[in-house]
Every structure is written in C-alpha cells, then in structure tokens.
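Structure first, commentary second.
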Amino acid sequence: MPSMSVVRTEFQRCLRGKTPWLLALCLLLVSRVPTSPEQAVVRHLGDAAAFPRAQTAVAIVVPFAAAALGFRSVVGERESGTARVLLGTELTRTDLVVGKALGRGAAIMVPVLVTTPLLVAYGTYTYGSISLPMLAGLLVAATAYAFAWTTVTVSLSAAMSSTTRAAGVVFAVTLLLGIFWSDITVALLWNLVTGSTPSTEMAHPELFSALKWASLPSAYYVLTDWLLGVPVGPGSAALQVSDALRNNGTLATASSPLPVWVGVPIFLAWPALALLVGVSAIRSGDLTPRGGPGRLRRTWVNRPSLPRIAVTPATAVVGRGGWVDSLPGRWQPLARREFRRLTHGTGVWLLGATVLVAGVLSLSPSTLVRDALGARVPLAALQSPISVIGGFGTLLLTFRTVVTERDSGSIRMTAGTAVSRSATLVGVIIGRASAIAFSLVLAVLGTCLVAILQYGVVPPHVLVGFLAITVAFVYCMTGFGVALSTVVRRQTVAGVVVLVLAGLYLTWFQISNIVYGALTGTAVNGFSPPTSPAYLLLRWAPPASLYHVVTNALLGVPNSAGNAAGVLTDALQSNVFSNIVVVRAAYGADVPVWYLHPAVALGELLCWFALPVALALISYRRRALD
C-alpha cells in the first residue's frame, strides 16, 4: 500500500499549480473542435447525443495533461536529490512511484469530473435529451482513463535517467502509441511488417482493424461507445455512428472485429505494463540520474576511432581561426561548445535516425504520386517526418537549454566571461541548430541515397533548395525552443508549453476553423473552406505548415500547406473528401493575393525565428540570472 502522505502531497502540490485548471480550460476548448454531427447521426444517437463532445475532449486532452504533470514527477526528484531524502524514510521505491501516480492522477481527475458534466449539460441543452446512467458511466470511465494515463507517464518518468529523455519518451508515447495509434502508427507498422500500404484491397483487413484497438485511447473509446449504445470502435460515438451509416446504411449490420470485453484487458494492460517497467527500473537502478552511461552512449564512446585529418574544409570554415571566427561578435566559442555537446550525445543522432527511418518507410507512395514527382519522391516522403518528428524533436532538444543552466548555476560562469548576454544566446542557438541540422541533412541525403535504385537521382538544384529550407526550418524551431527556455522560469512550465504546442499543431486545422469563425462570425468546415484568402493565411500559420508550403513550391506541387503526397492524392482528386486546401483548386489561380505566395511563406517562417529570439534577447539582457 503506497504511503498516503505521498499521495496527499502530490495531490495538493498539483492542485496548487496551473496545469489541472488549464486542463479544464482545454477540455472546454477542445470540445468545440469537432463539427456538429449530421441530423441522421443525432437521430441514431438518441439519448447519447449529448455525450460525444465530452467523450472526445477527455480522450484527447487527458493524455497531454498526464504527460505534462508526469514526465518530471520521478526523474525530477532524482535530479534534484530529493529522492534520496524521501527514500531515507520508511518509504520504498515502489511506494514512491505508485504514490505519485495516484496523487497526480487524482489531481487530473478533479477538473475532469468538474468539466465533463458541464459539457454534457451543454449537449443536453443542444439536443434536448440525457441519460443519467450514461453520465455516471462516462464519469467512471473518464476517471479510470485519467489514472491510467497518469500511471503510464509517471512510470516512464521513473524509468528514465534524465528530464530530456523523459520528455522525449513521454512525448513519443503520448503521440504515437496514444493519440495517433489508429490513424498513423498502425499503418506505419503494417507497412514495415508486410511491405504493403494499407488499402481497400489489402490482405487480412480484420487483423488491421483489430490492431487499431490496441492503444489506451482506443480501449477508452471502445468501452464508452458500448456504454453509449453505439457501434464500438476506436473512435468517438458520433464517428462510429457516422461510419456505420456511410458504410452499411444502418446500425443493425455494423459489426466490430473484436468482442467488446477485449477493451477491458487492453485498458488495464497499459498502466500495468508501464508500472512494471517503471518500478523495475527504479528498483534496479541508481537514484542518481546518469549514474552510468546508457547503451547508446557506451556504443558511441567505444566506436572505432578513425585517423584524424589535421586540416579539412570544415575545419577551415568552422574551426578555430576559420572563416566563422571572422564574423562579428563573440558567439563562436559558445556555438562550438553547444555543437560538440549535442553531437557527442545520442539525442541528435537518434532524431536523425528516426527521420531517416520514417522517410525510407514512406518511399512507397501511390502510383499517382510516383508519376507526378518522379525522382523527387524521396523529398516528398521526408516532408512530414521533418516537419513533425524533426520539428518537435528540435523543441525537445532545446526547451531546457537556458532554464537548466539557470537551475544548476552554470549560467553565472558563462555570464562571468567577456561574452555579452546577447552573444551567449546567439551562440547557443547557432551551435544547437547547427548540430540538429547536420543530423537532419544526413537523414535527407541517406533517404535520397536509398531511393536512387528505385527513383533515380534527385535533381541537384531541387535537393540543394530542399536542404536549405530544412536548415532554415531547424534554425526556426531551435530559436523558438531556446527562446522558450529563456523566457520561462521552470523546466516543468517549458515542458507543458511544448506539449500544448504539440496539441495545438496537431489539431490546428480544427482550431483554425474555430478562430476564423470567431473572427468573422461565419461557421466554417475544413472540408468545404470559405473562399477567403485570409482563411488560408490562418491555416498556414504554424511553422510546419509554412515548411510544407515552401517545399511544395520546390517540388512543383500546387500551392498548399498539406504535404505533397496528400495534395496529389486527396486534395486534387474529384470525389475525394479532404481538409487539405489547395490555392489553385479553391480560387482558380495559383496566387490570388500576394501574401499567399510561397516566397511570402518563407518570410513568415523566418519570422517564427526572428520574433521569439528578439523577445528572448530582451528578456535575457534585462532579467536576473537566478
């Protein structure tokens, strides 16, 4: 039995913070993201019509809230040394992990239990019916879901050796094994194992559908769909009814690939397995973070040494006394330090390897994409891996840069040198961005090399332009991450901001519809966008979308913020519903106004670097170092 003092302490500590109440606000906002269901769907939902918005909001927001509250819960105690103090009492390591999971899960449960009835009440006001047993069941399921996700994130925090690694692993689990399991991860795994892309003609479609049930959000949807009396599946009640009506014309013939009770062991397996891993890791490991080098680090350190060349072209450019030292400012030594720090670790190489693997797995697009792009297919395959994995991976490698040095006090040593604060920040950004860009450039070249036999050599001018835009994108995300680390005071706050930004970007198409509707007073749907250039400008706002716009122009793909493959296979095809908006298809011209030109998108992308860095420079020069 875990110590109740740990549970109470964690519960009270979290409730005093802002995260649980930001969770309540996010639940209210995310509940407005889904579009209103059609009348036929509402009619078949019956008394359950008031619940889908609350059901979806809990499924989407709770994982991010649990990640924000849990990713530093145990590893943070180990880094600060308080874990040794706590475990010097009668408290065991298992009690520490379980107590933190229960306490933080209870802190998430409170805003969930407060907000969910409000969302259901609004649904009741809209549709005029409610079932109290369904409401009680949904509250029980939402509570169990909150505790399950919190147990997963706290257990992962216990198994990690550093906050950075915990943030990366929790972020990946939350996205790939949680939110996007049914839509992206299963398709990638299917392609990797079977060598074929999922389609309407694939072998073993029942197995593919069953695999979509294996995630924690999918199990939550299955159980709550059963509770609401709709066809069960890894989607909200409204989506399951809509799919059943579209595919079968009636709910009577809708069938699921697995029995409903399978959702229960899947739901319980996630927290149980994570708790087993976390408790085993903390019981067998050292309480001091980085007590010993990991396998990747040992492999890197023990790699075979090659003879070093005294003078190389790179040395002449970036080495001491090279061309870089002739540039104005005194940022060069710090840039070299940050570059070496990252390249001597495993983070940037793991990021580059992940982008490389994702790019290679995406080298089998449809025949339409192959015919349209030819030798440029490898670059199109890399668009989404670089914008999503590379972009958020860069944030994870930079969001603790300055705040960590402030917490450890090493920032005073840097400030005690002759280098100004502005030059310090510039050197950190350039060094880290160069290291990350170097790994991603190698990933791009590696993907193009693998694809030579299948697609031929990428045109050199297109490859050079693509690499240049990729480097600019990396500098943009690095500048944003370092600026975030400079402005905020605590690592936890920075981590929460990164997770919130991830959620905003991944749901930006829906959020942009809401923002546009609030600004103009006109409700819009991403599948039938308004004929307003301002709407497209809003859709293009995130840096990753701007990266797609610019690289699409290099690849010869029509002007759009969607990736090249999606534009060619979905947006430009008749009788295909897609929320990707193409300027030519929407307005009958490539560029109806000047601010939708790809060159302007490049300027907007650079603004995502310039504005946060300028704010960080002002803050860094005026704020105390403590």
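Note that the coordinates shown come from a computational prediction; the quantities given were computed from them, not determined experimentally.
- Distance alone, capped at 3.5 Å, places no donor-acceptor pair between the T115 side chain and the V112 backbone.
- When every heavy atom of G481 is checked against every heavy atom of T398, the shortest pair comes out as CA-OG1, 3.4 Å.
- Rounding to the nearest 0.5 angstrom, the gap separating the OG1 atom in T551 from the CD1 atom in I386 is 8.5 Å.
- Under the rule for a salt bridge (Lys or Arg N to Asp or Glu O under 4.0 Å), the partners of R104 that lie at least two apart in sequence or sit in another chain are E10.
- Residue L382 comes nearest to F466 through the heavy atom pair CB-CZ, 4.3 Å, listed as atom of the first residue, atom of the second, then distance.
- In plain terms, the two heavy atoms of A472 and L606 that are nearest each other are CB-CD2, 4.5 Å.
- A pairwise comparison of heavy atoms in C607 and P612 identifies O-CD, 3.6 Å as the closest pair.
- With hydrogens and angles ignored, the 3.5 Å screen pairs a side-chain donor or acceptor of W608 with a backbone N or O of A541.
- With contacts defined as side-chain heavy-atom distances shorter than 4.5 Å, the pair L537/E604 qualifies.
- Remark: of the listed residues T174, V170, L177, T174 is the sole one forming a side chain to side chain contact (heavy atoms under 4.5 Å, CB included) with P63.
- When atom types are taken as modelled, the side chain of T394 and the backbone of T478 share no donor-acceptor pair closer than 3.5 angstrom.
- Contact of the M477 side chain with the P543 side chain is registered, since non-hydrogen atoms from C-beta on lie closer than 4.5 Å.
- With values rounded to the nearest 0.5 angstrom, T343 atom OG1 is found 11.0 Å from I436 atom CD1.
- Put simply, the side chain of Q383 gets close to the backbone of A564: a donor and an acceptor are under 3.5 Å apart.
- Shown are T470, I389, T447; of these, the side chain to side chain contact (heavy atoms under 4.5 Å, CB included) with V355 is made only by I389.
- Put simply, the side chain of L373 reaches to within 4.5 Å of the side chain of L568, judged on heavy atoms.
- The aromatic rings of Y547 and F473 lie tilted to each other, with the angle between the two planes from 30° to 60°.
- A donor-acceptor pair under 3.5 Å is formed between the side chain of N552 and the backbone N or O of G562.
- Looking at S387, its side chain does come within 3.5 Å of a backbone N or O of S384 through a donor-acceptor pair.
- With sequence neighbours left out, the ring-ring contact (aromatic ring centres under 6.0 Å, His included) criterion links F71 to no other residue.
- Relative ring orientation between Y516 and Y535 is described as perpendicular, the plane-to-plane angle rising above 60° on a 0-90° scale split at 30° and 60°.
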